[in-house]
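Some notes on the structure that comes next.
Naming: A, B, ... by sequence-line order, numbering from 1 per chain.
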Amino acid sequence: MIPAQFDYVAPTTVEEALAALRQYGDDAKLLAGGQSLLPVLRMRLNAPEWIIDLGRIDSLRGVREDGDAIVIGAMTPHSVVGSDPLVAQHAALVTKAVAELADAQIRHRGTFGGALAHADPAGDLGGPVRALDAEFVIAGANGTRTVSADDFFVDLFETAISEDEILTEVRIPKHTGWGAHHEKMVRVAHQWPICAVAATARVEGGTIADIGIGLANMGNTPLRAGGVEEALRGQPATEDSVRAACARAAEGTSPPSDLNGSADYRNHVVQVMCRRAVMGALEGAGA
Amino acid sequence: MTAVEAQPEVKEIGRDRRRKEDARLITGRTRWTDNISLNGMLHLAMVRSPFAHARITTVDTRAAEESPGVVGVFTGEDLADTQGACINAWAITTDQVTPAHTPLPIDRVAFAGETVAVVVARSAAEARDAAELVEVDYDELPAALDLKEAAEATPENGGALAHPDLGTNKSALWRFDSAEAGTGGNVDEAIAVARTDGIVLEREYRQQRLIPAFMEPRSVVVDPTGEQITVWSATQIPHILRFALAATTGVPESKIRVIAPDVGGGFGGKLQQTPEEMVAFAVARRLGKPVKYTETRSESLLSAHHGRDQWQKLTLAATKDGHVTGLKVELLADLGAYVALVGGGVPVLGAFMFNAIYKFPAYQFSCQTVLTNKTWTDAYRGAGRPEATYAVERLMDELAAELGKDPLEVRELNWIKHEEFPFTTVAGLEYDSGNYEAATARAKELFGYDDLRAEQRRRRDAGDTVQLGIGVSTFTEMCGLAPSRVLGQLNYGAGGWEAASVRMLPTGKVEVITGASAHGQGHETAFSQIVADRLGVPFEDVEILHGDTQVVPRGMDTYGSRSLVVGGEALVRAADKVLEKAKPIAAHLLEASVDDIEFSNGRFGVRGTDQGIALTEIATASFAAHNLPDGVEPGIDADATYDPVNFNFPHGTHLCAMEVDTETGETRMRKYTCVDDIGVIINPLIVSGQVHGGLVQGIAQALWEEAVYDEAGTLVSGSFADYLLPTAADTISFDIDHTTSPATSNTLGTKGVGEAGTIASTPAVVNAVVDAVRHLGVDDIRMPCTPERVWNAINRAGSGGGTVGAAAPHFDESTGMSGNVDRTTGGNEA
Ligand SMILES: Cc1cc2nc3c(=O)[nH]c(=O)nc-3n(C[C@H](O)[C@H](O)[C@H](O)COP(=O)(O)OP(=O)(O)OC[C@H]3O[C@@H](n4cnc5c(N)ncnc54)[C@H](O)[C@@H]3O)c2cc1C
């Protein structure tokens, strides 16, 4: 499999990368870990004239703490995110989702920002970042702007990042002490989820004080199970209340039908998986 | 046969030798076809049809011809006189309808992915770039896609015809009836009796289409320089390919040398004479330059032949106590767009196996092969036998359920008892040896059958969310294709013998030549072990040469679990002939009578003395030829060709425990145990590898793999994101063991093992999944048992439904990040 010919630049700063984007415009593609872009190039589903490799921009890599948030650089590989203690402590849902993302080789090369910028609705990270109310920091010609997770995902493979912009980091409000659980259905291990539910919850005195639930592959973008969250906030952390609330998990979804399952089936199974994810999160939260 | 009395002490046979070929195969530092580069070599890229069925109106090659590095662009018309044809070697009936198959079609394409033109350039990248510039105009034609609809289509009813000029999609109807053949009773009578006083089970099973998905994509290099044309190809069948090239292009066979260098897997998928090989051959001759073509993985999934794809209609009659009285099998088999090399013969190979290990008194089989506008189908690991085994082993579980009996008990009631061998079956085959009781007893013990049944009952009673099921498959298969006479009776185009030579080199080393050309199975190791034992020489001193028609003049190649049982026997016979030739020389040099010479451990000795001479010394002496007996020719090399008198019949008991999540339909394998009887084992390590790999391939049919086409005839599962091949992460550790009933049909007592795991495991898994939810009203789940199908089967009637065909694959234009693509639902398979 041979991609069409392209030219290649590897800037070392975000500014240089932005300048390259401005210069080559439509004809350029940013390269992160290449785990989604390279298959697309090799299958000739896309043929950009320029590849701008973000791999040498050190400032885009790493995890740090910043007040009430932890900040994950866009070019941080999944494997680093997955083993980072700050992430595990303050955003356990991400740790759990990353552990199940693709296989070890892909986790080694693929990046946190690349996966989110790619915005595959079947990606494992969309659900967690929505459930955790993450914010996306996007750099452009006029400086940086911050976009909420709710606004970041626009449509199938489409985000709030414009063609002349770069996602630099993702800020996740600390969810310290929250329980977390990622429920992912696959048929073989290296597969994108047929459906995935990411749930994180805080329990106070046997009551669900707060909860976030994100869904993958249930629509053209990662979704938030708002109805279930609403039904559960302030409710007792019991199986009965969870079961009742999770009947709303398919509200507002528009899942695809594909080789792995029909839309109807996904709308059924998301309810079961939501219940299991929430129960897992509650258990983790000490309920 | 041999006149040698004493055999060397057994040292190598039965030994866990690590495979001597692995270091080079695993590191890739070897002669994969794509690693071969020749001076001035040009590269090919294929232009392929995006349509399942279309008339080619114009092919505009001008832009491609002007593209950098391009040397030429050829269409079917350009190569019409030289491209030859892809042949079908097995017309299963005298009136088989066989469409002509030109490698590059001239005016019509018959499946999506068919080659339409070839671009030749100085580099592979330039060829690929230019291929995109070839403009082909098509007029789309109605495509025959659904197997059942295609079988019914006629010009009168307006159904789509895969090849309109043939007037039908029906290729051949092959029948067997035990009453007519005199091998058993009348099935219709048995069914009629059972309807009034007995049990009749009527079932329909779907064998989904699979893709062999070997590791090394197909590749071919053709070098026309010099007196001969040399073809390197990633093929299982160098000898058959040479024949086909010669027979269809008019180039004398003596001018063609075919080499299958190291070949990275095949599973039957490289048992083919491919259009790409023919095109490369034609282009190299046309330009007088070496050319190379290596397919991409996408091309491989799309256009290398597929396997299985049958509808199986089954009627089983039994008495009320569970004795089967008759089995009637009606198959529809999808050939795809052309009748491939073995093509329609694949289901016929299954015809002899539906009666499996059982003493069915009456049996009838019919198979209608059908042409459709999809990728052609041919042999895939097991070829016909997995399909047959699946059907009968599913039915035996159904019969047990109907009777409320244990499925092993019902099988035992019907199987051939060990003291009844040799046994002639209702399909007319003579099973030489076997012991189903022993294999089953061992399997039950290893599996912990009774404990798992108890757990199953507990979970059922408790109404657990996750239920447990146990699946049984007591399989047999026919191995060692094949007695030439039988092939002749079946109208196959060639024989089934195998050839071998043993060359004793003057330095004492041994070169062995075999016509069974390996593609990853470990022939070099196992064959070395056999020869080392037979000749009493060190394992390391034996070199196995194969896969080159110039080195190995005669061979029938590797498929159908034949290499060891046919090729290995040829080796034994060649080795024995070497000993026979060496013996008079030994007597002469030892100044003894031939009658007093005995051979053991690599030495000829004089009985009753300590005098002796090594075989290797005789090799040297016969090379020098200074002192040979009168009238004895120099050299003790020997050739042998072995034509088997019968197939052989490995068997085994496979037990599988599956957990099924009744809320989601997800399945999880809990335990898999198999006890195979494959006769005498040459190398247990290689056998384990074959069994483990085979099991995974069969389990994959049950749970994961399916080639799916959309309503336009486009392959949706065209990448590994959508065609789900399992990896180690998806499998558990299997418990495998063996019982041994030596085959009586060959000297070593060996039986085939290459396909056993694949044949046996598929029904074991599906039986287990069905068994887990049978109490919820389920009696079938269509393969692959996706979570959705399982869930549907539990919650709705039926076997879970077809796969949504019109869904977008994971990698398509939308993944290409060029705007939105509608991902709406498509139709279901009928
Ligand atoms: C076999 C396989 C299985 C997989 N399974 C899963 C799975 O189960 N779950 C899952 O979630 N993912 C899976 N993936 C995808 C994986 O997560 C990829 O790593 C990810 O989708 C893309 O990340 P990347 O760093 O490789 O980005 P790339 O492939 O390099 O880029 C992807 C896209 O994002 C753009 N982009 C990248 N970085 C930026 C940036 N900083 N700013 C703006 N745009 C940017 C690129 O231009 C490109 O369009 C799988 C991939 C493969 C090959």
Side-chain angles (χ1 to χ4, degrees), chain A residues 1-5 29-30 36-37 39-48 102-104 117-122 154-159 163 183 185-192 194-195 217 219-220 254-266 268-273 275-276, chain B residues 45 123-125 127-129 132 296-299 661 663-667 700 703-704 706 708 716-717 719-730 784 786-789 791-792 795 801 803-821 823-826 828:
Chain A
M1 296 199 179
I2 305 167
Q5 208 164 345
K29 266 272 157 208
L30 296 173
S36 295
L37 186 58
V40 161
L41 298 186
R42 287 160 70 98
M43 292 175 146
R44 296 191 174 222
L45 294 167
N46 199 335
D103 60 36
H118 186 50
D120 186 336
V154 176
D155 207 336
L156 209 57
F157 302 105
E158 213 183 311
T159 66
E163 296 215 321
E183 225 8 75
M185 180 188 277
V186 284
R187 291 173 55 210
V188 295
H190 59 272
Q191 208 186 357
W192 281 263
I194 297 170
C195 168
N217 219 4
N220 280 358
S254 53
S257 283
D258 61 23
L259 304 184
N260 296 303
S262 66
D264 276 357
Y265 173 70
R266 284 185 162 93
H268 155 72
V269 90
V270 74
Q271 299 171 42
V272 178
M273 293 174 65
R275 187 182 80 229
R276 293 179 183 176
Chain B
S123 73
R128 177 69 22 239
D129 286 344
E132 302 207 328
T296 64
R297 177 60 69 184
S298 308
E299 287 179 296
D661 184 328
E663 284 187 319
T664 63
E666 286 172 286
T667 58
L703 298 179
W704 301 306
E706 182 176 25
V708 182
V716 183
S717 48
S719 88
F720 284 147
D722 295 301
Y723 189 81
L724 299 186
L725 276 193
T727 65
D730 302 300
T786 63
E788 176 169 25
R789 282 208 181 106
W791 188 78
N792 277 345
N795 290 283
T803 302
V804 175
H810 197 96
F811 287 108
D812 66 0
E813 288 71 25
S814 67
T815 335
M817 308 159 209
S818 51
N820 284 355
V821 165
R823 293 207 296 172
T824 44
T825 312
N828 277 26

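- When all heavy atoms of A/Y265 and B/E788 are compared, the closest pair comes out as CB-OE2, 3.3 Å.
- Pairing each heavy atom of A/R44 with each of B/A125, the nearest pair is NH2-O, 4.4 Å.
- Here the shortest heavy-atom pairing between B/D730 and A/R187 reads OD1-O, 4.4 Å.
- Only the side chain of B/D661 comes within contact range of chain A, with at least one heavy atom under 4.5 Å from a heavy atom of that chain.
- Only the side chain of B/E132 comes within less than 4.5 Å of a heavy atom of chain A; its backbone N, CA, C and O stay farther away.
- Looking only at side-chain heavy atoms (C-beta outward), A/L259 and B/S717 come within less than 4.5 Å of each other.
- The backbone N or O of B/E663 lies less than 3.5 Å from a partner atom in the side chain of A/H268, making a donor-acceptor pair.
- Contact of B/A124 with chain A is made through backbone and side chain together, with heavy-atom distances under 4.5 Å.
- Between B/V716 and A/D258, every side-chain heavy-atom pair lies at or beyond the 4.5 Å cut-off.
- Closest heavy-atom contact between A/H190 and B/L725: CE1-O, 3.1 Å.
- Ranked by heavy-atom pairs under 4.5 Å with chain A, the first of B/S298, B/P726, B/A721 is B/S298.
- Nearest heavy atoms, A/R276 versus B/T664: NH1-CG2, 3.9 Å.
- Note that the CZ atom of B/R128 and the CD atom of A/Q5 stand 15.0 Å from one another [nearest 0.5 Å].
- Residue B/W704 touches chain A through both its backbone and its side chain, counting heavy-atom pairs closer than 4.5 Å.
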